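Scroll down for the structure; my scribbles are underneath it.
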Amino acid sequence: MKKYMDSPMFRILVFLALFGFSIGLFDNYRIMWMDANGLSPTTISHIISISSLVTILCLFFFTFKVSTDQLHKGIIVTLALTLVTGLLLVLLNGTANDFWIKFLMLFNMAFTQLILSSIYPLMMNMQRDDIIYTKKGLVESLSNKLGFLIVSILLGKTLFSMTIDYNSCLILSLLFTFVGFIVLLCTHVETKKEEQQLKIKEAVKYFNKNKVFYLYFVVSIVGSICWGTVLGMPMLTLTENLHFSSMTASFIILGMGIISNLLSMVVVKYLNFKNDYINLFFKYGARGIFYFLTLITGNPLFLIMTIIYLLLTDCLYNFLFGGFFINNIDEKYSLFMTVLKYCTSLIGDAIGVFICGLTFHLPIRWMVFPTCIIFIIHITLSCILIKKKKELVTRKA
């Protein structure tokens, strides 16, 4: 056991488990915390959108300006800033100080996303293989869901004479973040000899020669916009628009997330069709049917079915485009490709959440109207990308 405890990689996984758990404790209730502090859905959507854009700028700075041997220190500093902003938000709870709540929440969210996106590059700097990537994803996902499950059960209950509310979730999250901070601070990361940093001009030149990657990024952005327009603020949509209790909404999101993870294993083994158009239908095409049914009928039941299907298919067929294009890029640009993919998803999420905030108080029919338009664009571009993918496979054969 001591051998594992002394291993830097093991300690980073322990940190990831603690940090993932802390995110699960509060992240899904972050929107509800802001709502309880008097922020409107539109304002909340703006905060989420801007925080995503701040994360993107920081990510590009980390990618091009911060060398991998400095990444460990950068994450520690970002963790410290996360703790400070989180603690200030705890103190501001219930004060109606809108400006500072919005300002601090914006950066607190950005810091959290930045830490999550920077951990894998740090691990890659120590060891590069598929097992590490799998362990990272598994630890992060399981710990996040465990934290969400525990707090979903505790919310509204009295524990040690204290009623667990949204601010309590934030306090608990900060406690586990602090423990994770100590673990990472005490972890000595031995980095490999510094490789030549990636140059922007070289990267642009490579992608200009392989323009299919641009189309892949556009499809990623449009797909994320489509998702965010409906599910940009899931807890708020389920509680305010569909009138579920916080606990019921929590169990819907958590339950569908767990089932989606389990179904993804079944899909990879048994339902991975050789025809990508069939895979595309089950991942996105069926979503479109629910979008248009909701638009035509304006029935809340179809919106509930849409949200459930979106949550169920979140992890399904993720290999449809991502796996192929990430595995078919020059190894020199693989990490940069991963960063770009994450950034395009954030851009799409930011735009989608912004639209979600604008349409939040409209009748259900008009809530999904923008989604239907974006869906048509997304499915068209996806079909073109599948065609390009086939051409690449044929060319390499």
Side-chain angles (χ1 to χ4, degrees), residues 19 21-59 77-117 144 147-148 151-152 154-156 162-178 180-181 228 231-241 245-247 249-250 253 346 349-361:
F19 191 63
F21 187 77
S22 74
I23 291 173
L25 289 172
F26 180 64
D27 211 48
N28 291 284
Y29 294 110
R30 188 186 294 273
I31 291 172
M32 305 302 288
W33 187 95
M34 288 188 277
D35 180 63
N37 275 276
L39 301 186
S40 69
T42 302
T43 301
I44 293 171
S45 71
H46 291 172
I47 293 171
I48 296 172
S49 298
I50 296 170
S51 73
S52 295
L53 298 178
V54 171
T55 304
I56 291 167
L57 294 175
C58 292
L59 265 177
V77 171
T78 309
L79 266 171
L81 292 172
T82 304
L83 288 166
V84 171
T85 53
L87 181 59
L88 290 173
L89 285 169
V90 169
L91 298 175
L92 286 169
N93 181 59
T95 62
N97 196 329
D98 288 1
F99 172 78
W100 284 108
I101 287 175
K102 289 186 284 188
F103 180 80
L104 291 168
M105 185 60 79
L106 188 154
F107 283 99
N108 185 263
M109 292 175 68
F111 294 147
T112 299
Q113 292 181 73
L114 186 59
I115 292 165
L116 283 177
S117 59
N144 187 307
F148 189 19
V151 82
S152 298
L154 291 177
L155 193 66
M162 180 180 74
T163 301
I164 305 298
D165 57 11
Y166 301 130
N167 205 47
S168 304
C169 296
L170 176 54
I171 294 170
L172 289 171
S173 174
L174 288 173
L175 287 174
F176 280 91
T177 300
F178 178 73
F181 171 75
L231 272 180
M233 300 183 288
M235 283 292 294
L236 217 52
T237 301
L238 288 168
T239 53
E240 288 201 12
N241 289 339
S245 67
S246 294
M247 180 172 288
S250 299
I253 296 171
L346 284 177
D349 289 340
I351 298 171
V353 173
F354 182 82
I355 296 172
C356 183
L358 295 177
T359 62
F360 190 82
H361 291 299

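Given the structure is predicted, the values throughout are model-derived calculations rather than measurements.
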Please check this pair: side chain of S173 against backbone of C169, looking for a donor-acceptor N/O pair closer than 3.5 Å.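 Judged by distance alone, no pair lies under 3.5 Å.
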My understanding is that only residues two or more places apart in sequence, or in another chain, count here; which of them pass side chain to side chain contact (heavy atoms under 4.5 Å, CB included) with [X]?
| X | value |
| --- | --- |
| L174 | L83, V90, L170 |
| L53 | I56, A350 |
| L81 | V77, F111 |

Can you list the residues that meet the side-chain hydrogen bond (donor to acceptor under 3.5 Å, both in side chains) rule with [X], with sequence neighbours excluded?
| X | result |
| --- | --- |
| T112 | none |
| T82 | none |
| S168 | D165 |
| D27 | R30 |

Output side-chain donor-acceptor pairs under 3.5 Å for residues 97-106, partner residues at least two apart or in another chain, one line each.
none

Using the ring pair (Phe, Tyr, Trp, His ring centres under 6.0 Å) criterion, which residues pair with [X]? Sequence neighbours excluded.
| X | value |
| --- | --- |
| F360 | none |
| F354 | H46 |
| Y29 | F148, Y166 |

Got a sec, which pairs hit side chain to side chain donor-acceptor pair (under 3.5 Å) with one end in residues 34-44, sequence neighbours left out?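 Passing the test, one end in residues 34-44: N37-N93, S40-T43.
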L172, I171, L154 screened by side chain to side chain contact (heavy atoms under 4.5 Å, CB included) with L25, the one that passes: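 Running side chain to side chain contact (heavy atoms under 4.5 Å, CB included) over L172, I171, L154 with L25 returns exactly one hit, L172.
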